[in-house]
Amino acid sequence: MNIRLYMLQRITALIMAPLTLGHIAVMIYAVQDGLSASEILGRTQGSNMWLLFYGTFVVAVSIHAAIGVRVIVSETFKFVGFTLDAFAWFVCVAMLFMGGRAVLAVTLL
Amino acid sequence: MSTKQENIDVSVWRGDPHSGNYENFKVPAHESQTILDVVSWIQQNQDATLSYRYACRVGMCGSCAMMVNGIPRWTCRTHVKKVLKGKKLEVAPLRNLPVIKDLVTDMDTFFDKWISAEGLHHPSKTRLDPIEEIEPKSLGRVEINAGIECINCSICYAACDTVTNNSDYLGPAALQRAWTVYNDVKDADKQTVLNAVSGDGGCLNCHSQGSCSVHCPNDLNPMNAIAGLKRATATSFFNRKG
Amino acid sequence: MTLNIDIERQQTDILILGTGGAGMFAALHAQQTAPAGTKITIAVKGLIGKCGCTRMVQGGYNVALGGGDTVERHFMDTINGGKWLPDQDIAWKLCEQAVIRVRELENEVGCFFDRNSDGSLHHKAFAGQTADRTVHKGDLTGIEIINRLMEQVLSRPIEKLQEHRAIGLIPTKDGSALAGVLFIDMRTGKFRFVRAKTVMMGTGGGPTMYKYNTPSGDKTMDGLAMALRAGLPLRDMEMVQFHPTGLLAGEHTKMTGTVLEEGLRGAGGQLLNGAEKRFMFDYDELGERATRDVVSRGIYEEMRKNNTSKNGGVFISMAHLGPENVRKKFSGMVKRCADSGFDLASGLVEVVPTAHYFMGGVVVDSDTRTEMEGLYVAGEDAGGAHGSNRLGGNGVANSTVYGGVAGDVMGRDICKMITLRDPDEDILNQEIERALRPLSLNIGNVQQLRHRLQEAMWEDVGVIRTETGIMRGIARVAEIEAELLKTGVASDNLAFNLTWHDWLNMASLCDVSAVIAKAAIARENSRGAHFREDFPESGSMINSYFTLTQKKGDEICVTREPVQFTIVKPGETILPDNEPVSLVGV
Amino acid sequence: MIRPHRKHSLWLAYILHRISGFGLAVFLPFHFYLLSLVLTEPDRLDGFLSWTDTPIVKFAEFGLVFLLAVHFFGGLRLMALEFLPWSISQKTLVALAIASAFLIATIFFLQVI
Ligand SMILES: Cc1cc2nc3c(=O)[nH]c(=O)nc-3n(C[C@H](O)[C@H](O)[C@H](O)COP(=O)(O)OP(=O)(O)OC[C@H]3O[C@@H](n4cnc5c(N)ncnc54)[C@H](O)[C@@H]3O)c2cc1C
Ligand code: HEM
Ligand code: SF4
Ligand code: F3S
Ligand code: FES
């Protein structure tokens, strides 16, 4: 763990904190009001605000999770050096890809 | 004392760096009896070849730590009654350190890491200078006082799973010492300390498992000290960037 | 026995034995003083910095650094406390250099001693002194000192031989100089002979031949036993300091004998006999606040009268000072007692006098040189600084001051020593044979012998002595030693074989016990720690003598040597005329 | 079996944080996948929406929220511990974090049902 990874992990966590809270709040609020999922989608789709909201989340979570999994893998399976970095990058890119598609799906369409 | 002699069933890890297993002994119970007393009774009366280490026998030297029923403890100050499960006791060498023989571990890595963490004073003055006036309530001193009575017993080091999982990790005691050096107004080279503890095996690896603070026999709080180092590391990261 | 044992041989320039205050400072100073490229090796029976008594120092360190205190006053207290027996040059240098050493500890080594709230150094009052001069770090001063020294030593290019037990000082063939030291590498059980140009011995004495004793378990008089065998003269060997309040918790626990802090009595702690009655005022008008030797004798008297507690001691009681208060003020002691099952704050805790410090030691000059070229001795192994009694706080001052002196002197002397000396191989073999002896004998119980030795010394050469008692003690020690020489130890695995080392410990303890007893016979008066019921007077001060013990052939010879009053004579003082007698409480 | 030296709330909080973090890292991609079905197969949007009504998916989604809640509060606790020089008992924080996680997750669960 070096200082850059450490700081990135904390900063992304701090970014995600309000976003997750917001996300969960919206969900609770929405469902409580008897709105269906499709109505939520209706709201988010085409909105740049929500694109930004979830886009940021996906970027942050990809970085955050990649670093997190990197630590777990290095401690548990003793991965080091290139293998470890490659693994972390893979996680990051995969998350970005999956998350990116999802965000596009719920906001752009 | 006419009551009939009670015994404790003690299983003790025996072995060398390559292999080992537990052996069972029956040890007479006494009213005032520490784990160290139990272990040395075995060596003195039952198995003369049992190896263990101690020196001060009053909790000052940190030589006698072992795993007692799975928990790292100073054996000279652990009363048998405090840890007895039924009438059973299991004693093993300290975790996370190589075994020399039986209950004796090689503590060199622990101390090497202490030095790698720059856990030592970097003088700013000489023996010809007067003793510096330092208020005991000053901020740095309060931080130092909280951590300075460490006896380097390695109990925290044995308790920490991050040490187990990451052989580069400097460990709680070394980092705590570094934190005290970092807070010392007399120290001339705090940046060296910070560099030493913010690198690969440094404070950023700590996951705040807290086993160090929970098991420290002196009630010190290395977890807190490490958090201090993390803060200092982060601050200096931003300062250098900015 | 033919010796086809393989001995590992190695060499160094400066070899240091022990990692107490003396050993560590010797290493640091040698490193600072010796020419670049000098090889320094430090060998120790335990782990570096984690054994020995310096680490166990509670009360603190005497130094004349404030409050109107002066080196002269510290010196006069030391001489008075030692009942005019100290070597005055050694005592003077101790007091003078302590000032520098404490500054060095603070400024270079990184120790921090407690401060007053305004930031200035705090000095506390220790019994028997005329000024508040003891600097300390709470009541864990030794941990602060040794941990900081340890870090410095570990971070320097000094060769470490840990868990290496010195078993013999090996001279040259002509016996004039030291060639090197023989060790057992305890981890493997192998012998190692280290040749060195200079050797500093700082193995720290340790009167652990008494039933109740305070020092760490590794200290068993090895150094003095080696010096005795090497034919070096030892002085003041009858002088064993007892601490009055050792914890008494039964024979089967190592807690027994460990010190309950002096401050308990100072704060008003009361000593009660078996009937729970105070008794110290029967012996001294200061009651519990009298000096260590007086209180120890008071307790011992009660014990002789059988006015004892369950385990055969007396009680210390703190409860009348308010349990909460006690818990706050002596938190460390309260916690320690609680860990071993006693309630110091509100209950009664059994205590007993316990052998604490050994004033006797190898004869050295104030540069730590001995009679034998190449051998230097410092710390508790060296005699002369304390005379018949050591002031609380002068022990760690002595080891750190003279360890540093030894390092400096060796660092300079090494320049004159071009080559290593060749050992007397016969003596080397003899020492190996001596150590191997128990491995080929029928196995017995060494610990039982140790108990018997401790009983004998406690009963017959202990707190209160008489000629008949000491003679009986000498006979008992001889008998036990003879049995030891017939007692074997299992030899199937010599790696970390503690029982073998117990045997070797016993051998050292028996040798030195005999010397203590013989020196005690030779002193026919009572001074400081040495109290002869048959000679209760202190004798003429101006004709003071100290005892000198030396092994000649197989014979142990004790002589009396007149004390040289090189700085001040009894009845005089070096303090200026109008100085107050005491600054304490002024 | 939790080894004896680990039996305390701080270690428990650590392992919960680790498991929940890892769990999130494993399951979040599935969540993403579900959502992205919208993009790749718009026709199945309706199907998807009704699909979320099936108990198994609901349960999975609840699990995700629960993990997130645990990890979220655990993470906040951690960062508070690291960045704020607090000296109050960390144990209360741990308890608080876990309790809140349960609370939120349960509210959410009840609401969805
Ligand atoms: C409980 C206690 C409290 C004390 N409190 C005070 C106090 O408050 N103030 C004060 O001034 N003094 C105090 N003293 C006395 C003080 O500790 C000693 O005077 C001083 O520390 C001795 O230092 P040293 O370096 O000579 O020996 P030590 O510190 O005892 O070191 C001896 C070293 O030699 C090693 N050694 C022994 N045998 C061998 C061998 N055969 N081979 C290799 N190495 C060996 C030991 O393992 C150890 O490392 C106290 C002593 C005790 C026991
Ligand atoms: C929502 C707010 C979040 C916060 C406040 C947060 C906070 C943190 C923190 C502080 C750590 C460091 C733990 C340590 O070093 O011991 C961490 C680790 C981790 N996080 Fe998060 N996180 C959040 C969301 C997520 C999400 C959504 C994921 C998954 C996709 C995730 C996955 C991980 C993983 C795998 C780790 C590594 C765990 C470990 O090292 O034990 N986190 N998190
Ligand atoms: S911090 Fe506590 S447990 Fe760790 S080495 Fe120091 S005294 Fe031992
Ligand atoms: S147990 Fe280990 S992970 Fe950190 S808080 Fe203590 S060092
Ligand atoms: S023997 Fe020294 S701490 Fe236990």
Side-chain angles (χ1 to χ4, degrees), chain A residues 6 9-14 16-21 23-34 36-42 44-45 54 57-58 61-62 64-73 75-76 88 91-92 94-109, chain D residues 15 17-42 44-46 48-53 57-58 61-62 64-69 71-80 82-83 100-101 104-113:
Chain A
Y6 174 86
Q9 195 180 35
R10 308 296 130 136
I11 290 167
T12 50
L14 284 175
M16 280 188 295
L19 297 183
T20 2
L21 222 51
H23 176 65
I24 293 179
V26 167
M27 300 290 273
I28 293 176
Y29 165 79
V31 177
Q32 187 184 29
D33 265 11
S36 69
S38 59
E39 273 167 300
I40 302 170
L41 277 180
T44 55
Q45 281 181 339
Y54 285 113
F57 181 84
V58 165
V61 83
S62 305
H64 180 89
I67 298 173
V69 173
R70 182 183 188 274
V71 172
I72 296 179
V73 159
E75 286 187 8
T76 316
V91 173
C92 183
M95 288 282 258
L96 266 179
F97 177 73
M98 304 281 286
R101 274 200 327 172
V103 172
L104 291 182
V106 293
T107 58
L108 274 194
L109 250 133
Chain D
I15 201 67
H17 191 69
R18 173 157 284 196
I19 292 170
S20 59
F22 188 73
L24 282 172
V26 170
F27 290 112
L28 206 57
F30 287 102
H31 181 69
F32 288 156
Y33 173 73
L34 284 185
L35 291 171
S36 59
L37 283 181
V38 179
L39 183 72
T40 48
E41 293 169 72
R44 281 176 51 189
L45 179 58
D46 289 334
F48 163 69
L49 283 177
S50 60
W51 197 40
T52 56
D53 279 339
V57 174
K58 232 192 235 167
E61 291 289 298
F62 157 71
L64 206 59
V65 174
F66 176 66
L67 286 182
L68 191 61
H71 192 79
F72 175 83
F73 282 101
L76 289 188
R77 162 196 159 266
L78 250 173
M79 286 189 290
E82 287 179 352
F83 293 131
S100 326
I104 297 215
T106 317
I107 291 174
F108 180 75
F109 196 43
L110 292 177
Q111 298 293 346
V112 176
I113 288 175

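Each chain gets a letter, A, B and so on, in the order its sequence line appears, and its residues count up from 1.
- Proximity of His17(D) to Arg77(D): side-chain heavy atoms (C-beta onward) are nowhere separated by under 4.5 Å.
- Interatomic distance, Leu14(A) CG to Phe83(D) CZ, rounded to the nearest 0.5 Å: 7.0 Å.
- If you measure heavy-atom distances from Val103(A) to chain D, you find no contacts under 4.5 Å at all.
- Note that OG1 of Thr12(A) and CZ of Phe57(A) are 10.5 Å apart. Values are rounded to the nearest 0.5 Å.
- For Gln9(A), no part lies under 4.5 angstrom from a heavy atom of chain D.
- Of the two parts of Leu24(D), neither the backbone nor the side chain holds a non-hydrogen atom closer than 4.5 Å to a non-hydrogen atom of chain A.
- Taking every heavy atom of both residues into account, Met98(A) and Pro29(D) meet most closely at CE-O, 3.2 Å.
- Proximity to chain D is absent for every atom of Val91(A), based on heavy atoms less than 4.5 angstrom apart.
- For Leu28(D), the part lying near chain A is the side chain, with the backbone staying farther off; criterion is any non-hydrogen pair under 4.5 Å.
- Using a distance-only test at 3.5 Å, with no hydrogens or angles considered, a donor-acceptor pair links the side chain of Thr20(A) to the main chain of Ala17(A).
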